[in-house]
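All ligand and atom numbering here is 1-based and tracks the order in the structure.
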Amino acid sequence: MDINIADLFCGIGGIAEAVHLWRQPTASDNTVAAEHRQRITPKIGTAIDIDQSVAHLYQRHHGIIPQCSTIESLQAVSLKPTDSSRAAEKLDMWWMSPPCQPYTRRGLQRGDKDSRSLALANLIRLIPSERPRWIGLENVPAFEGSQHHQRLRQTLTKTGYQFREYLICPTAMGIPMRRKRFYLLATQNGKPLADFSCRLQQQPLAKFVDNDTWNDPTLHVPADLLQHYQPAMNILDIHDSTAISACFTSAYGKSHIKSGSYLRCHNRHLVRRFSPNEIANLMGFRENFFSSSELGQRSQYRLIGNSLAVHVVCVLLSMLLLND
Ligand SMILES: C[S@@+](CC[C@H](N)C(=O)[O-])C[C@H]1O[C@@H](n2cnc3c(N)ncnc32)[C@H](O)[C@@H]1O
């Protein structure tokens with residue numbers, strides 16, 4: 001069964017990358033899970049983002065060009081037919097990762113008074129008329145309790161959805177990176193959704209780091225900057241197998257502190273930033289995700305810092321779709 005997903009606020013396609021991961025057989029797949037995975041084929045039916053700069057990367061990795069529009073202006077979230085005589089095709093699932101600024105402390109927590117939340121408000125308004133079979137949402141933990149959170153819950157309840165909410169950090173899956181996020185899964189099948197019970201052993205940070213990257217001078221932290229900011233910088237020893245990185249934000253590479261961790265190698269007497277590809281590795285994206293991208297390093301940091309923890313989303317996707 002094909003499942004058409006609308007990747008709303010698609011960015012570089014964290015959910016599309018989770019779909020890619022879904023298709024890879026894993027050592028931990030038991031026979032039942034593997035059979036289910038063969039029976040169900042999620043795919044990205046449409047992707048929408050206001051940011052045109054993601055188009056090339058999205059198309060290269062996920063095979064479709066995202067529609068560049070403002071989500072608040074949509075009258076429907078439907079697939080445009082390839083043949084003009086046919087009606088627009090509905091999408092089975094909506095995945096929404098709206099901007100988090102309306103809910104974060106740095107973003108002043110203006111919630112529904114922040115114009116950046118209009119797009120989510122429009123999608124909530126469209127749910128009763130479009131009734132996608134499955135819905136997923138990701139945001140910062142502070143989204144919980146916001147007016148939009150309440151409005152979404154009320155709309156889902158009134159429209160007959162069963163839903164469950166989760167606060168999950170990739171560390172629960174053994175990934176040495178903090179990124180606690182709020183997730184909501186909703187389905188119309190009336191069956192209760194499962195708990196997120198993944199507890200995996202922590203993997204060493206070195207596994208996600210590329211040794212050649214130490215030679216990239218653009219990533220080295222200059223001595224004067226190090227001297228000034230060191231007390232406030234989160235610097236991890238590459239040889240420490242228990243090291244866990246801080247959450248990488250879209251400001252990494254621009255703000256020297258509170259935007260992510262740095263790496264130290266004593267043998268090399270160096271402190272450096274993580275490369276965008278290394279952060280993408282930690283986020284669960286395929287190897288060398290940004291290699292040969294035309295985007296500058298600063299844009300790559302912004303895009304990966306805004307994206308999704310793919311390992312977590314892949315588990316949530318299976319919990320949602322295999323629940324039927
Ligand atoms: C938190 S990021 C989502 C990242 C994405 N899901 C990923 O995996 O990379 C929010 C995204 O929403 C987009 N966006 C913000 N406001 C929008 C709007 N009004 N309409 C459409 N897209 C919007 C931004 O350009 C950004 O890519």
Side-chain angles (χ1 to χ4, degrees), residues 5-22 42 44 46-62 64-77 93-104 106-107 110-112 114-126 135-143 146 148 170 177 179-184 247-252 259 276-277 279-286 289-290 293 295 298-314 316-317:
I5 302 177
D7 186 356
L8 302 163
F9 310 95
C10 69
I12 52 172
I15 185 72
E17 202 58 14
V19 165
H20 173 73
L21 195 59
W22 167 290
I44 304 300
T46 192
I48 308 178
D49 202 289
I50 198 174
D51 179 0
Q52 193 146 27
S53 77
V54 298
H56 188 253
L57 205 54
Y58 199 101
Q59 185 189 19
R60 178 147 63 85
H61 288 303
H62 315 307
I64 62 170
I65 304 175
Q67 183 184 324
C68 182
S69 23
T70 56
I71 288 177
E72 56 271 40
S73 65
L74 296 181
Q75 296 303 319
V77 185
M93 177 178 166
W94 291 3
W95 180 270
M96 315 186 278
S97 348
C100 59
Q101 293 87 344
Y103 316 104
T104 55
R106 275 190 189 177
R110 292 181 68 234
D112 63 351
D114 188 318
S115 62
R116 288 169 292 192
S117 69
L118 291 175
L120 177 61
N122 189 36
L123 292 174
I124 297 174
R125 183 183 69 80
L126 290 172
I135 296 176
L137 172 134
E138 178 262 5
N139 215 278
V140 289
F143 177 80
S146 67
H148 280 123
M177 175 190 69
R179 195 177 182 87
K180 195 195 250 181
R181 288 292 181 267
F182 171 86
Y183 299 91
L184 180 147
C247 178
F248 292 96
T249 75
S250 57
Y252 193 63
S259 59
N277 272 335
I279 301 175
N281 289 346
L282 283 162
M283 295 281 272
F285 283 72
R286 66 196 80 178
F289 188 81
F290 288 106
S293 160
L295 296 166
R298 181 66 208 97
S299 299
Q300 296 178 14
Y301 280 134
R302 176 176 58 78
L303 293 170
I304 195 66
N306 270 336
S307 195
L308 301 172
V310 173
H311 301 101
V312 173
V313 174
C314 189
L316 291 172
L317 194 63

Does ligand 1 have an atom that lies less than 4.0 angstrom from a heavy atom of [X]?
X	answer
Ala16	no
Gly13	yes
Ile48	no

Taking Asn277 for its side chain and Phe290 for its backbone only, find out whether a donor-acceptor pair lies under 3.5 Å.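 Flag set: sc Asn277 to bb Phe290 pair under 3.5 Å.
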
Does any N or O in the side chain of Asp7 come within less than 3.5 Å of the main-chain N or O of Ala47, such that one atom is a donor and the other an acceptor?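 The answer is no, because no donor-acceptor pair under 3.5 Å joins these two groups.
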
List ligand 1 atoms under 4.0 Å from [X], heavy atoms only on the residue side.
X	result
Glu72	18 (C), 19 (N), 20 (N)
Asn306	1 (C), 2 (S), 3 (C), 4 (C)
Ala119	19 (N)
Asp51	25 (O)
Ser97	1 (C), 2 (S), 3 (C), 6 (N), 10 (C)
Gly14	7 (C), 8 (O)
Thr70	20 (N)
Ser307	7 (C), 8 (O), 9 (O)

Side chain or backbone of Ser69 under 4.0 Å from ligand 1, or both, or neither, by non-hydrogen atoms?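 For Ser69, only backbone atoms sit under 4.0 Å from ligand 1.
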
Give the residue, atom name and distance (to 0.1 Å) of the protein heavy atom nearest [atom].
atom	value
atom 15 (C) of ligand 1	Pro99 CG, 3.4 Å
atom 20 (N) of ligand 1	Ile71 N, 2.9 Å
atom 27 (O) of ligand 1	Asp49 OD2, 2.6 Å
atom 14 (N) of ligand 1	Ile50 CG2, 3.7 Å

What's the spacing between [X] [atom1] and [Y] [atom2] if we round to 0.5 Å?
X	Y	atom1	atom2	answer
His62	Ile12	NE2	CD1	7.0 Å
Phe9	Trp94	CZ	CH2	10.5 Å
Phe143	Leu120	CZ	CG	5.5 Å
Ile135	Ile124	CD1	CD1	9.5 Å

Pairing residues for Arg286 by the salt bridge (charged side-chain N to carboxylate O under 4.0 Å, His left out) criterion, not counting sequence neighbours: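 Checked Arg286 against salt bridge (charged side-chain N to carboxylate O under 4.0 Å, His left out); matches are Glu17.
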
Only one of Cys100, Pro170, Cys247 passes side chain to side chain contact (heavy atoms under 4.5 Å, CB included) with Arg181; say which it is.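 Considering Cys100, Pro170, Cys247, a side chain to side chain contact (heavy atoms under 4.5 Å, CB included) with Arg181 is found only for Cys247.
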
Apply side chain to side chain contact (heavy atoms under 4.5 Å, CB included) to Asp49 and list each qualifying residue two or more places apart in sequence or on a separate chain.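 Partners of Asp49 by the side chain to side chain contact (heavy atoms under 4.5 Å, CB included) criterion, ordered by chain and then number, come out as Cys10, Asp51, Val54.
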
Side chain proximity check, Tyr103 to His148, heavy atoms < 4.5 angstrom: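 With C-beta onward as the side chain, the pair touches.
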
